[in-house]
Visitor: 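Following this message is one structure expressed as structure tokens.
First listed ligand is number 1; within each ligand, the first listed atom is number 1.
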Amino acid sequence: MRVLIIGAGTGGLCLAHGLKKAGVDVALFERDRTPRSMLIGYRVGISPDGSKALHSCLPPDVFAEFVRTTARPPKHIVMRTEKYKELLVGDIATDRDDSRSEKSVSRIAMRTALLGGLDDVVRFDKTFTRFTRNDDGTVTAFFDDGTSETGDVLVGADGAQSRVRRQHLPDAKVVDTGITSIAGKLPLTEENAKLLPPLADGGITLLFGPNGEFVIIHVMRFDGTGVEDDYIMWGYAASHHKFPDLKDMSQAELKQAVLTMTPKFHPNLRKLFALATPETVFQVRVRTSERLRPWKPSNVTMIGDSVHLMTPGRGIGANTALRDAELLCRKLVEAHHGKNVVQVIGEYEQEMIEYGFEAVEASREMMDGNSLVHKPVIGRVAAAFQRTFLRVTNAVPVLKRKMLAEDAAERDHVSSDHEVVHAG
Ligand SMILES: Cc1cc2nc3c(=O)[nH]c(=O)nc-3n(C[C@H](O)[C@H](O)[C@H](O)COP(=O)(O)OP(=O)(O)OC[C@H]3O[C@@H](n4cnc5c(N)ncnc54)[C@H](O)[C@@H]3O)c2cc1C
């Protein structure tokens, strides 16, 4: 069996490793010209689900290298107002081994680590354009350089703007959530660290503004591993209508737009905005998939954002892509050992649609421009209610435990006893 994967992102690389490890013939095609030409480098939180999928699919040396490239893991989640007043503080379990722990990683460092050992599998500068199904049951992928490749299975792992999805599931809808986000990074120096709210260094901080705006702060410490210089990353999100016209703005102007929109935010937070290195500032118009009805399985399938794009609101997009990769890998290995390939892909898709769109919907709740907090006038009341709710939850141990347990459960579904067995 030969498997063709389109896209060397989070999901595609994990799947390629798992298949290669199990002795399946696999080829992966990536449109980027080089391994490091990925433009946006942001922090990704790897959940227990993501860790388990990576541990299961990656060979031990590549998994160890991936773990080495991660930053210090978060110990708590802290919610505050835009003026740094405490709303809720919760702990994140840190007593787990690497195969099932929470991790913080930079997107580029993760890709670099995951490319280890795949020289014979990944081909860069290959932009997929379309596929055809052949009479003998195989599938052919075509690329914009005029070349093509034929295999028994085609997996779209080509992210948010997937061309595989456009051809395979033309009715699938990706919609605008009404939320725009601008993010930036600054070096973690002693001086800059003094601007952070309490507990931000060592945790994930969420700040809630009075009009539904939302700020996330991550502190990335690499503890001298040389992977990257330590940095602070912030992301500001609000409904589109609160932003000026961002079209044609330079990165420095995007940063200025955040400052103009937040005159009453804590002065130190505004300094963190102002100190972002302009080249690191980027904007995202947050989009999401709409729930898909099950379709007839075939030897063309998809994983990750290509099939269930979700908002970054819950930090589970990459983790769900990894979960898909692990599950599909296990299923394809069953086909490699004799099971019907379309049947196993059908089993994968049935399970993936269920948890994938649950994750899409949970992520949308966190970032939806139509929700009450973003409405004029009533939005302020809803935002005040949200703060009161968080303060009360913080003060009542049983409520706090329940909320944190639900949150942790959302990041820890997969049982850890799966392991893709090395061929031979
Ligand atoms: C600011 C931000 C923060 C985030 N934080 C988190 C987080 O903390 N935790 C989390 O779980 N998720 C997070 N996410 C989401 C996460 O990054 C994505 O869900 C995840 O990377 C999806 O993985 P994927 O493999 O499906 O796609 P991707 O990783 O996007 O990979 C797709 C690959 O396909 C390639 N490609 C595309 N088209 C073609 C083509 N035609 N031919 C060949 N190759 C092609 C692309 O170049 C790319 O390499 C965040 C997202 C953003 C924007």
Side-chain angles (χ1 to χ4, degrees), residues 4-16 28-51 53-54 74 102-108 110-111 114-115 122-131 141-145 149 154-167 179-185 204 216 218 220 233-237 280-289 302-325 328 356 359-360 363 366-367 410-411:
L4 310 178
I5 305 173
I6 310 298
T10 318
L13 287 168
C14 181
L15 175 63
L28 193 161
F29 304 93
E30 166 58 47
R31 74 174 166 197
D32 284 352
R33 299 193 64 177
T34 68
R36 289 191 73 83
S37 52
M38 183 185 276
L39 283 175
I40 303 180
Y42 47 83
R43 178 260 185 198
V44 177
I46 297 297
S47 68
D49 279 339
S51 287
L54 288 164
E102 285 279 351
K103 299 177 182 63
S104 276
V105 64
S106 274
R107 200 167 140 91
I108 290 180
M110 176 152 84
R111 180 194 249 188
L114 264 53
L115 277 168
V122 184
R123 309 256 301 274
F124 282 90
D125 206 4
K126 296 294 273 182
T127 301
F128 166 87
T129 52
R130 68 190 173 91
F131 65 85
F142 293 86
F143 301 94
D144 72 349
D145 57 3
E149 291 279 340
L154 175 73
V155 182
D158 49 344
Q161 314 214 12
S162 170
R163 288 198 184 165
V164 176
R165 175 186 65 228
R166 240 176 279 160
Q167 181 178 351
I179 298 286
T180 291
S181 172
I182 296 180
K185 290 200 243 178
I204 299 171
I216 189 158
H218 296 293
M220 298 287 276
M233 172 156 190
W234 54 258
Y236 169 84
T280 66
V281 178
F282 65 95
Q283 61 155 316
V284 181
R285 264 180 97 90
V286 180
R287 297 181 314 139
T288 185
S289 292
M302 287 173 300
I303 61 174
D305 282 1
S306 70
V307 59
H308 45 57
L309 178 65
M310 59 194 81
T311 82
R314 294 225 174 235
I316 48 177
N319 292 301
T320 313
L322 291 169
R323 191 173 172 188
D324 296 347
L328 180 59
V360 166
S363 301
M366 287 291 290
M367 280 191 150
E410 210 167 66
R411 302 175 66 74

Visitor: Strictly distance-based, threshold 3.5 Å: is any side-chain N or O of Arg31 a donor or acceptor partner for the main-chain N or O of Ile6?
Guide: no
Visitor: So does Pro35 get a backbone contact from the side chain of Arg111, meaning a donor-acceptor N/O pair under 3.5 Å?
Guide: yes
Visitor: Report yes or no: does Gln167 contribute a side-chain atom to a donor-acceptor pair with the main-chain N or O of Phe131 at less than 3.5 Å?
Guide: yes
Visitor: Anything under 30° is parallel, anything over 60° is perpendicular, the rest tilted; go ahead and classify Phe143 against Phe29.
Guide: tilted
Visitor: Can you find an N/O atom of Gly11 closer than 3.5 Å to an N/O atom of ligand 1?
Guide: yes
Visitor: Check ligand 1 against Thr127 and write out every atom of the ligand that is under 4.0 Å from a heavy-atom position of the residue.
Guide: 41 (N), 42 (N)
Visitor: Short N/O distance, under 3.5 Å, between Ala321 and ligand 1?
Guide: no
Visitor: Looking only at atom types and distance, does a side-chain atom of Thr129 sit under 3.5 Å from a main-chain N or O of Phe142, one as donor and one as acceptor?
Guide: yes
Visitor: Mark up the atoms of ligand 1 that fall under 4.0 Å of a heavy atom belonging to Arg107, in ascending order.
Guide: 17 (O), 21 (O), 29 (O), 30 (O)
Visitor: For residues Ala141 and Leu154, report the shortest heavy-atom separation together with the two atoms involved.
Guide: CB-CD1, 4.2 Å
Visitor: Which bit of Tyr42 is near ligand 1, meaning a heavy atom under 4.0 Å away: side chain, backbone, both or neither?
Guide: side chain
Visitor: Under 4.0 Å from a heavy atom of Val44: which atoms of ligand 1 are those, numbered in the order shown and with their elements?
Guide: 7 (C), 8 (O), 9 (N), 10 (C)
Visitor: Nearest heavy atom to atom 45 (C) of ligand 1 wins, so pick from Arg111, Arg31, Lys126, Arg123.
Guide: Arg31
Visitor: Which ligand 1 atoms, with their elements, are less than 4.0 angstrom from a heavy-atom of Ile6?
Guide: 42 (N), 43 (C)
Visitor: If you measure from atom 31 (O) of ligand 1 to every heavy atom of Ala8, Ser104, Gly9, which option wins on shortest distance?
Guide: Gly9
Visitor: Compute the shortest N/O to N/O distance between Thr10 and ligand 1 and return yes if it is under 3.5 Å, no if not.
Guide: yes
Visitor: Would you check the N or O atoms of Pro312, main chain and side chain alike, for any that come under 3.5 Å of an N or O of ligand 1?
Guide: no
Visitor: Please state which part of Thr320 comes within less than 4.0 Å of ligand 1, counting heavy atoms only: side chain, backbone, both or neither.
Guide: neither
Visitor: Is Gln161 in contact with ligand 1, taking contact as a heavy-atom separation below 4.0 Å?
Guide: no
Visitor: Mark up the atoms of ligand 1 that fall under 4.0 Å of a heavy atom belonging to Asp32, in ascending order.
Guide: 47 (O)
Visitor: With distance as the sole test, does Arg165 use its side chain to make a donor-acceptor pair with the main-chain N or O of Ala160 at under 3.5 Å?
Guide: yes
Visitor: For Gly317, is at least one N or O under 3.5 Å away from an N or O on ligand 1?
Guide: yes
Visitor: Could you tell me whether the side chain of Ser306 and the main chain of Gly156 form a donor-acceptor pair under 3.5 Å?
Guide: yes
Visitor: Atom 18 (C) of ligand 1: which of Leu309, Leu322, Asp305, Leu28 has the nearest heavy atom?
Guide: Asp305
Visitor: For ligand 1, which atoms, with element, lie under 4.0 Å from some heavy atom of Gly304?
Guide: 26 (O)
Visitor: Say whether Gly45, considering both its backbone and side-chain N or O atoms, lies within less than 3.5 Å of an N or O atom on ligand 1.
Guide: yes
Visitor: Determine, stepwise, if the pair Arg166 / Gln161 fulfils side chain to side chain contact (heavy atoms under 4.5 Å, CB included).
Guide: CA-CA 8 Å; Arg166 240 176 279 160; Gln161 314 214 12; 4.2 Å; yes
Visitor: What atoms in ligand 1 come closer than 4.0 Å to a heavy atom of Gly159?
Guide: 27 (O), 32 (C)
Visitor: Just to check, does Ala157 reach to within less than 4.0 Å of ligand 1 when the distance is taken from its heavy atoms?
Guide: yes
Visitor: If only atom types and distance count, is the side chain of Asn319 paired as donor or acceptor with the main-chain N or O of Gly45 below 3.5 Å?
Guide: yes
Visitor: Would you confirm whether Asp158, through its side chain, and Gly7, through its main-chain N or O, come within 3.5 Å as a donor-acceptor pair?
Guide: no
Visitor: Can you tell me which portion of Phe29 lies within the under-4.0 Å heavy-atom range of ligand 1? Options are side chain, backbone, both, or neither.
Guide: backbone
Visitor: Could you tell me whether a side-chain N or O of Ser181 sits under 3.5 Å from a main-chain N or O of Val284, the two making a donor and an acceptor?
Guide: no
Visitor: Are the side chain of Ser106 and the backbone of Arg43 linked by a donor-acceptor contact shorter than 3.5 Å?
Guide: no
Visitor: I want to know if ligand 1 touches Gly315 in the polar sense, i.e. an N/O pair below 3.5 angstrom.
Guide: yes
